[in-house]
Amino acid sequence: MSHTNNSLTHRLKDGALRRDFPIFRTNSRDNGLIYLDSGASAQKPHSVLTSIQDFYDSAYANIHRGVYQLSEEATLRYEGGRERVRRFLNARRVEEIVFVRGTTEAINLLASTFGRSKVGPGDEILITHMEHHSNIVPWQMLCQSTGAHLVVVPITDDGALDLEEFERLLGPRTKLVSVAHVSNALGTINPVKEIVRLAHDKGVPVVIDGAQAVPHLPVDVQDLDCDFYVFSGHKIYGPTGIGALYGKAGHLAAMPPYQGGGDMIESVTFDKTTYAPVPARFEAGTPNIAGVVGLTAALDYVDAVGFEAIQEHGEDLLEHGTRLLEEIPGLRIVGTAARKVPVFSFVLDDIHPHDVGTFLAGANVAVRAGHHCAQPVMERFGVPATTRASLGIYNTREDLQALVDAILQLRRFFGK
Ligand code: PLP
C-alpha cells in the first residue's frame, strides 16, 4: 500500500478516502455517485482489487495439497489470511478462525453442529426482535428438527434491546443465545459484552452476529468473551463469498463436521472416515482462496485507516445526518437508540419507501428500500418497509446533504 497509516487516517478526516475506491470514478473523474448502501455491501478500495489480481497473476494454485512452489505460496497467503483475521478479532489462536462464505453460512454451520449438539425438545434458543433473517431462520430450522423453541427478546420504541427482558427470558431452558452486535435495519449497537456476561453467569454460550459491527467498531473477542463471532468480508470493504467464524478452541474441537468432502478429512475408507483437526474440519472442498487474499487486504486497509478515526467519523456522520433528517417535515427515523452506527432507516409521509428509493436513485443517491431482511423489525415498528441510508468510510457530510436535498425535491414532487 502506498499510503502510511497516518495519511489514510488524514484522508478519512479530509473526506478524501473516496478516491481510493474506483467505483466512484469514471474515466478517472469523480462520477458523483452518492453510495449510501454500505450496510447491504460495501465498495472495495483499489488495494483489495489489486491484491486479488496480483494473486491470480503471480501466486495462484490450489492450497494445502501441492508440493510445488506456487501451491506453497498460495497456501501461505491463505493461511496468512487466517492469521490476519485472528489479529483483527484478537482471537487467542489461529485455529479458532474458520473461513466460510459469509455470516449466513457461519450461522448455518453453528446451527447444524454446535446447536444440534446443544439443544433438545423443550429447550430454548434466545435471539432478539432485531435480528437479520440470517440469525433467525437457521435457529428456527434447528428448532423444527429438535423440538426446541425460539424465544425472542423485545426491543424498545427507540430500537434498543430491552436488557431487563433479556435477563428475565434467560431461563433454565435457555441453551444458546444468538444476537446481532449491530442491527442492520436500525443501526443499534447492542451491549454484547454485558449480554455475554449475563448469559455466561447462567452457563449459556453466546453467538454474536458481527456482520454490521466489524466495519464500524473494533472487535476483541477475548475481551467480549463470546463463544462465537461471525462476519462477512463484503461488508468490510472485502470481496463477496468470504467471511469468518471465530469459535473458542474448546467448542470447535468438540463440534462435528458441517460438510463432508476434501480437505476436512484425516483418512477415508469405505468403512470409516476420520476428520481433520480444526479449522480444516470445517473447510470442506476448495475454499475461496482469492477471497481470503482480498479479505486480508481489506482488513489491512481498515486497520490502516484506524478504528479510532473510523468511529469518530461515523459518530460525526450519525449526529449530522440525524440533525438534518429530523428537520424534514413528515420524515420519521426508525431506530434512534442512544448507541448507533451511521444507519438511517426512515419513513416519509405516506410515500412508499420503494418510491423514495427509486426517486433517490434518479438523483444518483443509492439507498435501500424494503424490509432489509429483518421483517420482524418492520412488524415491530408497524411499517411495511423503510428507506435505509447506511454509511461507510468513504461517505461525507456532503453525501448526507445530497440525500436531504433529494428528499426535499421528492416531497415537492409529491406536492408536500
Ligand atoms: N446479519 C446481519 C446483521 C446482516 O446485516 C447481514 C447482511 O445484511 C447478514 C447477517 C447476512 O450476511 P451475508 O448475506 O453476508 O451472509
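Count residues from 1 along the sequence. Both ligands and their constituent atoms are indexed starting at 1 by order of listing.
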What residue and heavy atom of the protein are closest to atom 14 (O) of ligand 1, and at what distance? Thr104 OG1, 3.7 Å

What protein heavy atom lies closest to atom 4 (C) of ligand 1? Include the residue and the distance to one decimal. His132 CD2, 3.3 Å

Show the atoms of ligand 1 that are less than 4.0 angstrom away from any heavy atom in Gln212. 3 (C), 4 (C), 5 (O), 8 (O)

Tell me, please, whether Phe24 has Arg18 positioned over its six-membered ring: NZ or CZ under 6.0 Å from the ring centre and within 45 degrees of its axis? yes

Within reach of ligand 1, part of Ala180 (heavy-atom separation under 4.0 Å): neither

Heavy-atom count around Arg197 CZ within 6.0 Å, excluding the residue itself: above 12? yes

Considering residues, nucleotides and ligands other than Arg25, do more than 12 of their heavy atoms fall under 6.0 Å from its CZ? yes

Among non-hydrogen protein atoms, atom 8 (O) of ligand 1 lies closest to Lys235 NZ, 2.5 Å

Does an N or O from Glu105, backbone or side chain, lie closer than 3.5 Å to an N or O of ligand 1? no

Contact region, Asp209 to ligand 1, non-hydrogen atoms below 4.0 Å, reads side chain

Testing the 3.5 Å rule here: is there a donor-acceptor pair between the side chains of His64 and Thr75? no

Would you mind telling me which of Lys44, His46, Arg11 makes a side chain to side chain donor-acceptor pair (under 3.5 Å) with Asp20? Arg11

Does a side chain donor of either Ser232 or Thr103 reach within less than 3.5 Å of an acceptor in the other side chain? yes

Begin with the C-alpha distance, continue with both residues' side-chain angles, and end with the deciding distance and a verdict on side-chain hydrogen bond (donor to acceptor under 3.5 Å, both in side chains) for Glu379 and His129. CA-CA 10 Å; Glu379 169 259 321; His129 208 129; 3.2 Å; yes

Under 4.0 Å from one or more heavy atoms of Ser232, ligand 1 contributes atoms 12 (O), 13 (P), 15 (O), 16 (O)

Which of the ligand 1 atoms, numbered from 1, are nearer than 4.0 Å to a heavy atom of Asn184: 5 (O)

Mark the output for His234 as yes if a heavy-atom distance to ligand 1 is under 4.0 Å, and as no if none is. yes

